[in-house]
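Notes follow once the structure below has been shown.
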Amino acid sequence: MQAEKPRYMSLQNVISQSVSKAVRDLYQLELPTVEFQPTRKDFEGDITVVVFPMLRFVKGNPVEIGTKIGEYLVEHVDEVAKFNVVKGFLNLVIEDVIYLNFFNTIRDEADYGYVKSPTSDAVMVEYSSPNTNKPLHLGHIRNNLLGYSVSEILKAAGKKVYKTQIINDRGIHICKSMLAWQKFGDGETPETSGLKGDHLVGKYYVAFDQAYKAQIAELVDSGTSKEQAEKEAPILLEAQEMLRKWESGEVATVTLWKTMNSWVYDGFDTTYKNLGVDFDTLYYESDTYLLGRNVVKDGLEKGIFFKKPDGSVWIDLTEEGLDEKIVLRSDGTAVYMTQDIGTAIQRVTDHPDINGLVYTVGNEQDYHFKVLFLILKKLGYQWAQHLYHLSYGMVDLPSGKMKSREGTVVDADDLIANMEETAEEISKELGKLDGYSETEKKQLYRTIGLGALKYYILKVDPKKRILFNPEESVDFQGNTGPFIQYTYARIQSILRKAGDVGSSEVATSLGLHEKEKELLKQVQLFPETVQLAAENYSPALIANYTYDLVKEFNSFYQQVSILGEPNEDKKHLRVQLSRKVGEVIASAFRLLGIHVPDRM
RNA sequence: GGUCGCGUAGCUCAGCUGGAUAGAGCAUCUGCCUUCUAAGCAGACGGUCGAAGGUUCGAAUCCUUCCGCGAUCACCA
């Protein structure tokens with residue numbers, strides 16, 4: 001992330017160089033670095049130079065040194081208006097004109113904060129990657145929101161991004177649904193049942209599990225051990241047989257598989273659309289599950305892998321502090337790891353500009369990805385230096401883990417619908433939507449409901465687990481999506497009333513109100529926040545930034561009159577500043593996949 | 001048991017590469033709608049930053065040990 005520093009961000013550089021120069025002139029010493037922090041609210045100032053680290057080089061009393069440097073800066077540096085020293089902290093007050101000049105440089109910039117010229121190398125972000133035997137749930141929602149948002153953040157930070165998923169469309173799990181449908185389905189389809197395709201297939205996955213459990217119970221009653229019963233239940237054997245038929249390409253099985261998967265895809269498409277996420281390219285496990293075996297054979301010749309007497313192939317990672325890991329079964333078939341090796345290579349082959357992969361997968365697979373990345377590095381791929389496991393914590397319910405088979409999941413479609421309903425209730429209560437058509441209202445409820453949900457999930461550091469209590473529905477007040485959307489709507493209302501005021505330069509001679517200055521400082525932070533979020537793969541940083549910006553704006557809004565300001569220059573600044581804040585809110589929320597409303 | 005992650009106000013979370021008296025929201029309480037949208041603003045209350053050591057001028061942040069919670073250590077994915 002070596003985005004060139006725009007000139008308006010050079011304030012820190014100016015101060016940094018000036019402080020170095022001050023120390024050089026005053027003490028004939030070279031400082032390796034100068035440490036900064038934003039000045040705390042309870043002190044006067046904008047930027048604070050920390051004097052303590054200098055004490056290693058400059059002998060003396062920190063207050064004295066700070067004072068001397070402060071005096072020097074006020075005298076020699078245009079940007080610095082005043083200073084004060086508290087303990088070892090040199091607080092600098094920056095001239096208002098610096099902030100006004102900054103504002104004029106970005107005032108008219110479209111997509112301020114985004115890097116406009118993407119790098120030539122691309123990164124592929126994988127997310128979602130569901131199994132095709134059941135509908136998406138809250139866990140998938142976190143995954144989808146994270147993957148989508150990180151993709152958008154990387155783009156904004158100047159990366160070319162491919163969004164992808166690997167759809168787990170084959171294996172025993174889908175055979176279970178298929179078998180149960182054959183047995184109990186009575187020819188039911190999404191059309192005849194009125195059920196969304198993924199929900200219909202999921203229903204039979206549950207039906208399978210019930211039948212399976214019943215058979216186990218029966219077997220145990222007739223004296224079989226539980227362990228054995230779990231292996232020998234006839235319906236399980238049938239499912240396994242079905243998988244063998246699928247693998248041998250038996251027409252009837254493959255046809256049923258295609259039919260049921262197509263139902264699921266229709267359902268997923270709807271959910272993805274509702275959620276507002278998308279993909280550039282798709283991979284299907286049925287196409288990739290055989291990949292990777294040749295790579296293993298090559299690696300075996302190179303001595304990266306080794307073969308055990310039974311014919312299975314392993315890699316020894318004990319030197320790296322890990323274990324031995326199997327990469328090919330004794331019968332020569334691929335395991336999950338093998339597929340992932342093959343798929344990664346396939347992706348780079350398909351998209352030669354890729355120089356890095358991001359995997360959005362829960363933290364339960366931390367170990368798997370550690371091993372996968374290590375293997376790819378050992379195999380010598382250039383791009384293997386840039387692999388990242390976007391590992392996130394589980395979403396738990398008050399009752400504990402979600403289990404699809406036990407029906408203790410929060411269904412994605414239900415949750416989205418609930419959020420919209422809540423948004424509708426609150427909107428109706430507040431009753432500010434006179435003149436909106438029913439369609440516009442529906443659209444708005446969706447925007448707000450999804451805004452609440454997405455913000456609620458994305459504001460949390462990805463690696464932390466989330467406890468989701470469906471009883472206490474997601475908040476609409478305080479640090480929430482709707483609060484931020486509300487502020488955006490407020491700004492739009494002002495702009496409508498202000499009429500067409502153009503976007504000409506603001507006068508740089510005016511003094512700034514304290515709130516205006518704070519707001520400008522926060523606006524100034526946006527570009528570096530985008531970079532930071534990209535470096536850390538963290539939408540939470542964007543969410544927190546936006547919240548701070550909005551809080552600052554509301555405080556400004558409360559304290560100063562915008563349209564009522566008699567001084568035309570000041571009024572112009574305030575309107576322009578409000579407009580820009582609105583734009584930054586929208587840009588930031590776009591990175592989170594959240595829409596903003598003109599009214600609410 | 002080994003490895004990894006997490007532990008900050010009653011609850012949900014911030015706290016960047018160590019820096020000033022640890023910050024928000026929710027909840028509870030107090031003010032503010034004849035002025036730009038009160039989904040708001042201003043304020044009060046609330047903390048042994050899991051515990052103990054260590055490094056440092058300075059530790060919620062870095063190191064060690066311990067405690068608690070979770071994940072993972074399959075010829076499953």
Side-chain angles (χ1 to χ4, degrees), chain A residues 35 37 39-43 48 50-53 55-56 62 86-89 91 129 131 168 171-173 285 289 308 310-314 321-323 325-337 339-340 362-368 370-371 391 393-394 396 401 423 426-427 429-430 432 448 452 456 459-461 463-467 469 472 474-487 489-498 528-529 532 535-536 540-541 543-544 547-548 550-551 553-565 574-575 578 599-600:
Chain A
E35 252 190 66
Q37 57 187 306
T39 304
R40 288 181 64 108
K41 283 269 163 64
D42 13 300
F43 299 95
T48 295
V50 188
V51 181
F52 294 111
L55 297 179
R56 294 176 53 204
V86 181
K87 296 184 196 168
F89 299 92
N91 302 320
S129 303
N131 289 344
N168 301 302
I172 192 71
H173 53 83
E285 200 198 350
Y289 80 107
K308 287 199 176 175
D310 64 2
S312 57
V313 181
W314 298 69
L322 306 174
D323 303 327
K325 192 81 190 173
I326 192 162
V327 291
L328 272 189
R329 294 193 186 97
S330 50
D331 63 4
T333 55
V335 292
Y336 181 49
M337 187 65 72
Q339 286 178 50
D340 269 2
N363 63 10
E364 59 204 348
Q365 294 194 37
D366 284 354
Y367 185 73
H368 172 79
K370 214 181 250 183
V371 172
S391 166
M394 296 291 102
D396 291 328
K401 261 189 112 163
I426 294 175
S427 294
E429 228 168 85
L430 296 172
K432 298 181 186 175
I448 298 171
Y456 179 83
K459 77 170 177 182
V460 181
D461 184 331
K463 65 173 180 278
K464 292 194 173 172
R465 68 183 202 120
I466 290 182
L467 197 89
N469 189 345
E472 307 162 12
V474 182
D475 260 324
F476 283 66
Q477 280 171 6
N479 187 0
T480 66
F483 166 57
I484 292 165
Q485 290 172 320
Y486 172 74
T487 304
R490 257 182 166 179
I491 292 171
Q492 300 320 301
S493 170
I494 289 172
L495 296 180
R496 278 192 298 273
K497 290 193 170 136
E528 47 192 286
T529 304
L532 201 62
E535 283 161 26
N536 292 292
L541 296 179
N544 288 325
Y547 178 62
D548 289 339
V550 159
K551 252 198 325 187
F553 182 84
N554 279 320
S555 181
F556 158 79
Y557 176 92
Q558 178 72 23
Q559 203 158 121
V560 307
S561 181
I562 299 167
L563 299 175
E565 169 59 44
R574 287 175 190 170
V575 172
S578 300
R599 286 176 58 185
M600 68 183 274

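The sequence lines fix the lettering, A, B, ..., with proteins before strands; numbering per chain opens at 1.
At the heavy-atom level, Leu563(A) lies under 4.0 Å from base atoms of the strands shown. When heavy atoms are screened at a 4.0 angstrom cut-off, Ser578(A) is found touching no nucleic acid atom at all. At the heavy-atom level, Val560(A) lies under 4.0 Å from base atoms of the strands shown. Heavy atoms of Met600(A) sit under 4.0 angstrom from at least one base atom. Within the nucleic acid shown, Asn91(A) comes within 4.0 Å of at least one base atom, counting heavy atoms only. Among the protein residues, Pro53(A) comes within range of the nucleic acid bases, having at least one heavy atom under 4.0 Å from a base atom. Heavy atoms of Ile448(A) sit under 4.0 angstrom from at least one base atom. Gln339(A) comes within 4.0 angstrom of no nucleic acid atom, judged by non-hydrogen atoms across all strands. Heavy atoms of Arg56(A) sit nowhere under 4.0 angstrom from any nucleic acid atom. When heavy atoms are screened at a 4.0 angstrom cut-off, Val460(A) is found touching the sugar-phosphate backbone but no base atom. Among the heavy atoms of the strands lying under 4.0 Å from Lys463(A) are primed sugar atoms or P, OP1, OP2 only; no base atom is included.
Of the candidates A20(B), A24(B), G19(B), G19(B) carries the atom nearest the Phe52(A) side chain, counting heavy atoms from C-beta on. In this structure, the nucleotide among C41(B), G19(B), C73(B) sitting nearest to the side chain of Ser555(A) is C41(B). Counting only heavy atoms from C-beta on, Lys551(A) has its side chain closest to C41(B) among G7(B), C41(B), A77(B). Checked against A20(B), U37(B), G40(B), the side chain of Phe483(A) finds its nearest nucleotide in G40(B). Considering only the side chain of His368(A), A77(B) comes nearest among A77(B), C36(B), U21(B). Listed nucleotides G19(B), U72(B), A20(B) differ in distance to Glu35(A); the shortest reach to its side chain belongs to G19(B). Comparing G19(B), G25(B), C41(B) by their nearest atom to the side chain of Gln37(A) picks out G19(B).
In terms of polar N and O atoms assigned as donor or acceptor, the side chain of Thr48(A) comes within less than 3.5 Å of the base of A20(B) in a complementary pairing. Remark: the Thr480(A) side chain and the A39(B) base include no donor-acceptor N/O pair separated by less than 3.5 Å.
At the phosphate of C76(B), OP1 or OP2 sits under 4.0 Å from a side-chain N or O atom of Arg329(A). Under 4.0 angstrom from either OP1 or OP2 of G23(B) there lies no side-chain N or O belonging to Lys41(A).
When each of Ile426(A) and Tyr336(A) is assigned the nucleotide of RNA chain B with its nearest heavy atom, Ile426(A) is the one assigned upstream, toward the 5' end. Take the nearest nucleotide of RNA chain B for Arg490(A) and for Asp461(A): the residue whose nucleotide is more 5' is Asp461(A).
Taking 4.5 Å as the limit, some side-chain heavy atom of Val86(A) sits within range of a side-chain heavy atom of Asn91(A). Residues Tyr486(A) and Phe476(A) have side chains not in contact (no heavy-atom distance under 4.5 Å, counting atoms from C-beta outward).
The ring of Phe553(A) has its center closer than 6.0 angstrom to the ring center of Phe556(A).
Under the Watson-Crick or G-U wobble criterion, with both distances below 3.5 Å, C32(B) is paired with G40(B). Nucleotide U64(B) forms a pair with A52(B), judged by Watson-Crick or G-U wobble geometry with both contacts under 3.5 Å. The partner of A71(B), taking Watson-Crick or G-U wobble pairs whose two distances both stay under 3.5 Å, is U3(B).
Atom CD in Gln477(A) sits roughly 19 Å away from atom P in U12(B) (whole-Å rounding). If you take CG of Leu430(A) and P of G40(B), they are 10 Å apart, rounded to a whole angstrom. Distance Ile326(A) CD1 to C76(B) P: 8 Å, rounded to the nearest Å. Atoms CD1 (Ile484(A)) and P (G40(B)) sit 11 Å apart, rounded to a whole Å. Following rounding to the nearest Å, Lys370(A) (NZ) and C4(B) (P) show an atom-to-atom distance of 6 Å. If you measure from atom CZ of Phe476(A) to atom P of U37(B), you get 22 Å, rounded to the nearest angstrom. The interatomic distance linking Ile494(A) (CD1) with G40(B) (C1') rounds to 12 Å, in whole Å. Asn554(A) places its CG atom 15 Å from the C1' atom of C33(B), with the value rounded to the nearest Å.
Using modelled atom types, one finds no donor on one side chain facing an acceptor on the other under 3.5 Å when comparing Arg465(A) with Asn363(A).
With both ends at atom C1', the span from G70(B) to A9(B) equals 23 Å, rounded to whole Å. Separating the P atom of C26(B) from that of A77(B) is a span of 47 Å, rounded to the nearest Å. Using atom P as the reference point in both A60(B) and C67(B), the two lie 23 Å apart (nearest Å). When the C1' atom is compared between A39(B) and G50(B), the two are found 36 Å apart, to the nearest whole Å. Atom C1' of A42(B) sits at a distance of 44 Å from the matching atom of G54(B), rounded to the whole Å. Here, C13(B) and C76(B) have their P atoms 37 Å apart, quoted to the whole Å.
Here the side chain of Ser578(A) pairs a donor or acceptor atom with the backbone of Arg574(A) at under 3.5 angstrom. Side chain of Lys370(A) to main chain of Leu322(A): no donor-acceptor pair is present (N/O by atom type, distance under 3.5 Å, no hydrogens or angles). A donor-acceptor pair under 3.5 Å links the side-chain atoms of Arg329(A) to the main chain of Ala334(A), judged by distance alone. Side-chain atoms of Asp461(A) do not come within 3.5 Å of backbone N or O of Ala540(A) as any donor-acceptor pair.
Between Phe43(A) and A20(B), a base-stacking contact is recorded: ring centres under 5.5 Å apart, planes less than 30° from parallel. Using a 5.5 Å limit on the distance between ring centres and a 30° limit on the angle between planes, the aromatic ring of Phe89(A) does not count as stacked on the six-membered base ring of G19(B).
Taking syn as a glycosidic angle within 90° of 0, C57(B) does not qualify and is anti.
A parallel orientation is assigned to the rings of Tyr336(A) and His368(A), their planes being inclined by less than 30° (bins at 30° and 60°).
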